[in-house]
Q: 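Quick one: this structure, given as structure tokens, is what I'll be asking you about.
Just so it is clear, the model here is predicted, and its values are computed rather than measured. Letters A, B, ... mirror the listed sequences (proteins, then strands); counts begin at 1.
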There are 2 protein chains.
Amino acid sequence: MKTVIKKEELATVAQNLFKDKGFAATSMRDLANEADIGLATIYNYVKSKEDILQGICFKVADDFLSIMEDNKKGSLQQQLDFAIKSHVAVMIDNIEASAVFMQEWKHLTEPYLSEFLAMRDTYEKYFIKIIRKGVKEGAFQKMKPKFAAITILSALNGIYDWYKPNGKMSAKEVGENLSDLLIKGLII
Amino acid sequence: MKTVIKKEELATVAQNLFKDKGFAATSMRDLANEADIGLATIYNYVKSKEDILQGICFKVADDFLSIMEDNKKGSLQQQLDFAIKSHVAVMIDNIEASAVFMQEWKHLTEPYLSEFLAMRDTYEKYFIKIIRKGVKEGAFQKMKPKFAAITILSALNGIYDWYKPNGKMSAKEVGENLSDLLIKGLII
DNA sequence: CCTACCGATCGGTAGG
DNA sequence: CCTACCGATCGGTAGG
């Protein structure tokens, strides 16, 4: 019981510190202090420092990938709209973990690094496919699909830097506005 | 002579390693090895490890800010187009330094951290102002100017992750395509 | 520009 | 779950 709670607290603390200070600049002692346990106790919950990072990165990667399986209906514009809004929803549901996912994955070592990059690549390809089809059909502007996909994902992935859970915009609003801006553009 | 060359080599090495491994995970010994000098020699060129990071971050910040002074002519759509293309040009001209600017600024300590954030804020306000005027005039979609500005900047700032100097897209093409996608949107 | 070194801190473990 | 500790590496410096 208490063990489970402490383990979850450690996970939360790790997400916050890895986001704020970065993985390399966060020591196991920092984590222990913030979670209010002894240094050696951490190793009852995790195997190593990188083990914690892996947990965060692959959890978020799984979340991203699972949403795409439900995304096969409607027009290509609707599919892209759904993909954007779902991506935003996952990020906002795990805002600290998402920040770590985006910024700290480079500290993964092999073979996890390759596995991680492969998952990210697979996810990116969902966006590329939708856009490629849309360009071919003439629904979207003539544009390199990979370029457009990466640009849209970059715009979405910036959220963790400014989104405040108790701020002026709700999670739903953020998704709607991003979809609107990226699909329809800024000019009228 | 030789000193100047080695100093420049050290700067280049620092940009590359800070980008690839991150500031905290790069040791002064890493820099010395890569620049092919002794560890202690580094301190003839810089005062400290953070001194190197400051040099990179503030150089890029200056570059970004200086382009906005020339941007007061034309319609608001033209001004935004110019701002986007100039931002992309600065990034691509300093692609490694830009990556460090975007990802590693959090390792700056006070008072440099506050100064850096203030410069970034000033720059962001240029984009916000253009968009706010455009929304008021009815040239742009009705949208929160700050939200739109941050989203556009996030999309632009993702470049360092994928842009290859010898790749398929020229710097000019990247700027034109980004301006097109973000201002006009993906759908026709 | 380098050799040799400093105190501090790191990730992790033995043993209980 | 903690005390006490390990070897390795860190940023930086003395002295030349």
Side-chain angles (χ1 to χ4, degrees), chain A residues 1-58 100 103-113, chain B residues 1-58 100 103-113:
Chain A
M1 295 249 288
K2 236 185 181 177
T3 294
V4 173
I5 291 172
K6 273 295 172 192
K7 186 168 183 177
E8 280 170 8
E9 189 177 338
L10 178 64
T12 303
V13 161
Q15 286 174 21
N16 286 323
L17 287 188
F18 286 176
K19 180 191 175 184
D20 291 341
K21 305 180 59 168
F23 174 77
T26 302
S27 71
M28 295 301 260
R29 284 156 181 84
D30 290 336
L31 298 178
N33 289 338
E34 206 72 24
D36 214 36
I37 55 178
L39 163 65
T41 308
I42 293 182
Y43 293 91
N44 290 329
Y45 304 131
V46 297
K47 280 188 311 189
S48 66
K49 191 182 170 189
E50 194 189 323
D51 190 32
I52 305 175
L53 182 63
Q54 287 164 17
I56 296 170
C57 289
F58 285 102
V100 175
Q103 297 202 284
E104 305 301 325
W105 60 265
K106 72 171 89 163
H107 295 106
L108 293 171
T109 57
E110 295 295 353
Y112 305 99
L113 179 60
Chain B
M1 295 250 287
K2 238 185 179 175
T3 293
V4 173
I5 291 172
K6 273 293 172 192
K7 185 167 184 178
E8 279 170 10
E9 189 178 337
L10 177 65
T12 303
V13 161
Q15 287 173 20
N16 286 324
L17 287 187
F18 286 175
K19 179 190 176 184
D20 291 340
K21 306 180 58 168
F23 174 77
T26 302
S27 71
M28 294 301 260
R29 283 156 182 86
D30 290 336
L31 298 178
N33 287 339
E34 205 74 22
D36 215 34
I37 55 178
L39 164 63
T41 309
I42 294 182
Y43 294 91
N44 289 327
Y45 304 131
V46 297
K47 281 188 309 189
S48 67
K49 192 182 171 189
E50 194 189 322
D51 189 32
I52 304 175
L53 182 63
Q54 288 163 17
I56 297 170
C57 289
F58 284 103
V100 175
Q103 297 200 286
E104 306 300 326
W105 59 265
K106 71 171 90 161
H107 295 106
L108 293 170
T109 56
E110 297 294 353
Y112 304 99
L113 179 60

Q: Would the distance check show the side chain of A/Lys49 and the main-chain N or O of A/Thr26 forming a donor-acceptor pair, the cut-off being under 3.5 Å?
A: yes

Q: Test your reading of the model: is there a side-chain donor-acceptor pair from A/Asp51 to the backbone of A/Lys47, 3.5 Å cut-off?
A: yes

Q: Check the distance between D/dC10's P and B/Leu39's CG and give it to me in whole angstrom.
A: 10 Å

Q: Is the distance from OP1 or OP2 of C/dT9 to the nearest side-chain N or O of A/Ser27 less than 4.0 Å?
A: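 Negative; the distance criterion is not met.
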
Q: Given C/dG12, D/dG11, D/dC2, identify the nucleotide with an atom nearest to the side chain of B/Lys49.
A: D/dG11

Q: Find the distance A/Tyr45:OH to C/dG12:C1' and express it as a whole number of Å.
A: 17 Å

Q: Please report, rounded to the nearest Å, how far the P atom of C/dT13 is from the CG atom of A/Asp51.
A: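 So the two atoms are 12 Å apart, to the nearest Å.
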
Q: From C-beta outward on A/Ser48, which listed nucleotide comes closest to its side chain: C/dG12, D/dG11, D/dC2?
A: C/dG12

Q: Rounded to whole Å, please give me the gap between CD1 in A/Ile42 and C1' in C/dG11.
A: 10 Å

Q: B/His107 NE2 to D/dG11 P: how many Å, rounded?
A: 12 Å

Q: Taking B/Glu34 for its side chain and B/Leu17 for its backbone only, find out whether a donor-acceptor pair lies under 3.5 Å.
A: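 Pair absent, no side-chain N/O of B/Glu34 close to backbone of B/Leu17.
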
Q: Relative to the 5' end of DNA chain C, which residue comes earlier, A/Lys47 or A/Asp30, by the nucleotide with the nearest heavy atom?
A: A/Asp30

Q: How many whole angstroms separate atom CG of A/Asn33 from atom P of C/dG11?
A: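 The distance from CG of A/Asn33 to P of C/dG11 comes to 12 Å, rounded to the nearest Å.
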
Q: How close or far is atom P of D/dG12 from atom CD1 of B/Ile37, stated in whole angstroms?
A: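 Taking atom P of D/dG12 as the reference, CD1 of B/Ile37 is at 14 Å.
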
Q: Main chain of A/Phe23, side chain of A/Glu104: is a donor-acceptor contact present, judged purely on distance under 3.5 Å?
A: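 The answer is yes, because a donor-acceptor pair under 3.5 Å joins these two groups.
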
Q: Report the nucleotide, chosen from D/dC5, C/dT3, D/dG12, that has the shortest atom-to-atom distance to any side-chain atom of B/Ala40.
A: C/dT3

Q: Within the side chain of B/Lys21, is there an N or O that forms a donor-acceptor pair under 3.5 Å with the backbone of B/Ser27?
A: no

Q: C/dC2, D/dG12, C/dT13: which one has an atom nearest the side-chain heavy atoms of A/Tyr43?
A: C/dT13

Q: Give the rounded distance in Å between these two atoms: CE of B/Met28 and C1' of C/dC2.
A: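 Taking CE of B/Met28 and C1' of C/dC2, I get 15 Å after rounding.
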
Q: Is there a Watson-Crick or G-U wobble partner for D/dG15 with both distances under 3.5 Å, and if so, which one is it?
A: C/dC2

